[in-house]
Number of protein chains: 2
Amino acid sequence: MDTASGKRPVTIREVAERAGVSISTVSHALSGRRPISAATKARVREAAAELGYDPNPNARSLRTGRSGLVGLILRPRYAVAGTPDRAETFNRLVGSIATEMLRHKTGLIHVPDLHDPAVASVPMDGCIVAHPYGGDTALAELLGRGLPVVTVEEDPEQPDLPWAVRLDYPPVVEALLNHLNDQGARDVLLLSGTEDNAWNRRPREAYLAWCKRRGLPPRTALLSEGLTQRDVPELVQPLLSGPDRPDAIVVATSDFAPLIAEAAAAQGLRIPDDLLLAALTDSEHARTSSPPITAMDLTHEALAERAVELMLARLSGAETPAGPVFLTPELRLRESTRRRD
Amino acid sequence: MDTASGKRPVTIREVAERAGVSISTVSHALSGRRPISAATKARVREAAAELGYDPNPNARSLRTGRSGLVGLILRPRYAVAGTPDRAETFNRLVGSIATEMLRHKTGLIHVPDLHDPAVASVPMDGCIVAHPYGGDTALAELLGRGLPVVTVEEDPEQPDLPWAVRLDYPPVVEALLNHLNDQGARDVLLLSGTEDNAWNRRPREAYLAWCKRRGLPPRTALLSEGLTQRDVPELVQPLLSGPDRPDAIVVATSDFAPLIAEAAAAQGLRIPDDLLLAALTDSEHARTSSPPITAMDLTHEALAERAVELMLARLSGAETPAGPVFLTPELRLRESTRRRD
DNA sequence: CTGAAAGCGCTAACAA
DNA sequence: TTGTTAGCGCTTTCAG
């Protein structure tokens, strides 16, 4: 077998010549889109097989206007630029979308860079945009092109776009806050991330609403998802000292939770005895920290499954749904918020 | 803004009309591949921006013969079909290849099904094939087409293909076996997977060589990667009972290690006291099992990085390397093989 | 049942 | 510096 690279691909014309038919007959014999005599069909198939013919996907797509491919854009910048610690979330989402797409035998393209003109654009029939920002520019660009888009989580400024899978944060955040309250917390500090997406906005809104309902003064601060492991302790230190320190912390970024636990320990604060600690996304870090840290699992696998389902339905011409699909994050209660009664 | 879907895309012709120039001028003004007067260039850019022009990637690729996209095929069947437990390995490899590709601003396509004629083939300039089988058919197919291929781990029957990133198993497997021996193991059982790939073959070869060198009778058995959690205990049970039970087990599939530990416990065997246990791939299961299980980390991130590097070099016309790139798996020694001295 | 030919949108060779 | 045009490989009318 010739394994040299750069071999000129076999075209439909060569197959036609070999089979002694016209190229349109080859096309139809192979696609079965019009009746071809059994004999001819057999001859064509044989010729195609012998030559190792594989239809040029670009030519086909150019002609038909469809590539059969779905794009994926993961918006949060720290997903890619981040440390290995941030990788679990990225890997889970990317891995499960890829898995779902493979299950449906549909090609998935990771879209490299929508805006950079130096980067070739990709032939996609539709695009999944994961975790868009508020007023997301990439999302707007794709919608502007008229490309079918499905989002994983909503653009917080366009919460009602129907082609979306959303997470229903409020009940879960409330359940968490009630749980903290039950365990004795009276002064809960929320440390949100700085990415302006649903994952930061919605829980924050739910927190503020909860505080208001309870007549408690909200306490919030920001902790950028882009911080390194080293940055966190010194930023958190001041929040833990002084007489008005909170008795519970809810931190968005799961990887930072163990660091906060350490910083607390350095101040002589025990978890959960002196400080309750919870995170708004789950990770191995949180699970294996000591003590294990209560966290919200965003159910990336389920998000992926539904998003792929939506996209394929949409590409098959399904009607616009009445509204987004809602999934509920799962609260994983662990020792960090459970006091010995 | 019109966000209706199914909008007809803007073509180069419309941009040309709007800018009052020919289509080739548009093409060249935008690509900069030939000198265009500043005034014209500006006019063209403006027209393109106003219309929201985005060059049709299929037309471009058809013409140029290149798509700028790299394919990815992950061969092990259980990677996709497997249980969620098998997901960590898949996710890590897929996630890190995707990350590397994004870093290089090059599109990555998950190839859905190379053989199914009903599935459209994808426009890729090259393809990364991960964990090929011995005499891998997909690999052969791609090589037959003359497509540039880089493999993550070698096809065990074509170990010398230069465009490959390989894992150097023998020294690590030997180190593990020596370690087990040091800890008192005299009768090591190897439980390989049933997938005929390098990850199963090479460690097995290393094990047999090690036994031979030491004059020990090898003991091996198979435990398919496709087994469910429930299947494993009853299959393992018989191996653990009887007077000739091994005093150490090396199991390929990491997720099975904790199950083996449980089965052992059910027989009254303590780990590591009565039985040493190690796995040939790492996972959270192994890390968080009790006791934590010694495992070989295949360094998927490093494999991904080098594979992407190789592929991009190859597509840029780099010369064929003298041989494969070798990486060394990392041995993570944990309690399951460490006896209190 | 089969063939001829148009044309998808773009790039690049060739002309001017 | 710019325009005209061939043609990448395929699908799909339209003729036969």
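Numbers restart at 1 for each chain; the letters A, B, ... are given by sequence-line order, proteins then strands.
- Atom OG of S96(B) sits about 8.0 Å away from atom CG of L303(B), to the nearest 0.5 Å.
- A salt bridge links R103(B) with E100(B); the closest basic N to acidic carboxylate O contact falls under 4.0 Å.
- Proximity of T25(A) to the phosphate of dG3(C): a side-chain N or O atom is located under 4.0 Å from OP1 or OP2.
- One interatomic measurement links the two molecules: CD of E17(B) to C1' of dG9(C), which rounds to 14 Å at whole-angstrom precision.
- The distance from the OG1 atom of T106(B) to the CE atom of M101(B) is 5.0 Å, given to the nearest 0.5 Å.
- Taking 4.5 Å as the limit, some side-chain heavy atom of D113(B) sits within range of a side-chain heavy atom of H115(B).
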Please tabulate, one pair per line, each protein N/O and nucleotide N/O from nucleotides 7-11 of chain D that are separated by under 3.5 Å, including the distance.
residue	atom	partner	partner atom	Å
dG7(D)	N2	R63(B)	NH1	3.4
dG9(D)	N2	A59(A)	O	3.3
dC10(D)	OP1	Y53(A)	OH	2.7
dC10(D)	OP1	N56(A)	N	3.1
dC10(D)	OP2	I12(A)	N	2.4
dT11(D)	OP1	R60(A)	NE	2.8
dT11(D)	OP1	R60(A)	NH2	3.1
dT11(D)	OP2	S27(A)	OG	3.0
dT11(D)	O2	R63(A)	NH1	2.1

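- Residue S61(A) is out of contact with every strand shown, counting any heavy-atom pair closer than 4.0 Å.
- Taking the six-membered ring where the residue is Trp, H110(A) and H110(B) present tilted rings, their angle falling between 30° and 60°.
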